[in-house]
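Heads up: the structure comes next, in structure tokens.
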Amino acid sequence: ESEPFALLGINSDGPADEVRKILEKEGISWRQAIDEDTSGPLARAWNVQGWPTIYILDAEGRIRYRDLRDQEMEDAVM
């Protein structure tokens with residue numbers, strides 16, 4: 001809430017009921033859109049070729065970074 005960004009997961013781990021169980025088990029609390037499988041419409045629209053794929057968008061919705069990890073990702077969102 002106090003950070004200047006939001007997380008949104010696009011989840012391809014199956015139907016909504018299965019995804020909810022996985023999210024609870026793994027302690028994932030950020031919002032999720034459920035694409036059901038890796039060839040779903042969201043994965044195709046965003047050209048996702050592997051999982052996880054991470055996009056960092058700016059306040060206007062433009063993609064600024066893709067697939068950053070660890071300190072690079074923290075630096076990008078600060």
Query raised in the report: How many angstroms lie between CG in Asp35 and OG in Ser12, if you round to the nearest 0.5 Å?
Result: 4.5 Å
Report summary line: side-chain contact (heavy atoms from CB on, under 4.5 Å) test vs Asp75 passes for just one of Met78, Met73, Glu72, Gln71, namely Gln71
Query raised in the report: When you measure from the side chain of Asp67 to the backbone N and O of Ile54, does any donor-acceptor pair fall under 3.5 Å?
Result: yes
Report task. Please round to the nearest 0.5 Å and tell me the distance separating atom CG of Asn11 and atom CD1 of Ile28. Result -> 7.5 Å
Query - Residues, nucleotides or ligands: over 12 heavy atoms within 6.0 Å of Arg20 CZ - result: no
Query raised in the report: So if you build clusters from Ile, Leu, Val, Met, Phe, Trp, Tyr with side-chain heavy-atom gaps below 4.5 Å, do Val77 and Ile63 land together?
Result: no
Query raised in the report: Which atom pair, heavy atoms only, marks the closest approach of Trp46 to Leu57?
Result: CH2-CD2, 4.0 Å
Report summary line: Shortest non-hydrogen pair, Gln49 vs Asn47, comes out as NE2-OD1, 2.9 Å
Report summary line: CG (Leu8) and CZ (Arg31) are apart, to the nearest 0.5 Å, by 6.5 Å
Requested in this report: Please confirm whether the backbone N or O of Ser39 pairs with a side-chain atom of Arg44, one donor and one acceptor, at under 3.5 Å?
Outcome: yes
Report summary line: Rounded to the nearest 0.5 Å, the CZ atom of Arg69 sits from the CD atom of Glu74 at a distance of 13.5 Å
Query raised in the report: Where do Gly14 and Ile34 come nearest, in terms of heavy atoms and distance?
Result: O-CG2, 3.5 Å
**Report entry** ILVMFWY network linking Leu68 to Tyr55, side-chain heavy atoms under 4.5 angstrom
**Finding:** no
Report summary line: Looking only at heavy atoms, the pair that brings Ala43 and Thr38 closest together is CB-O, 3.6 Å
**Report entry** Separation of Asp13 CG from Leu23 CG (nearest 0.5 Å)
**Finding:** 8.0 Å
Query raised in the report: From Trp51 CH2 over to Ile10 CD1, what is the distance, rounded to the nearest 0.5 angstrom?
Result: 12.0 Å
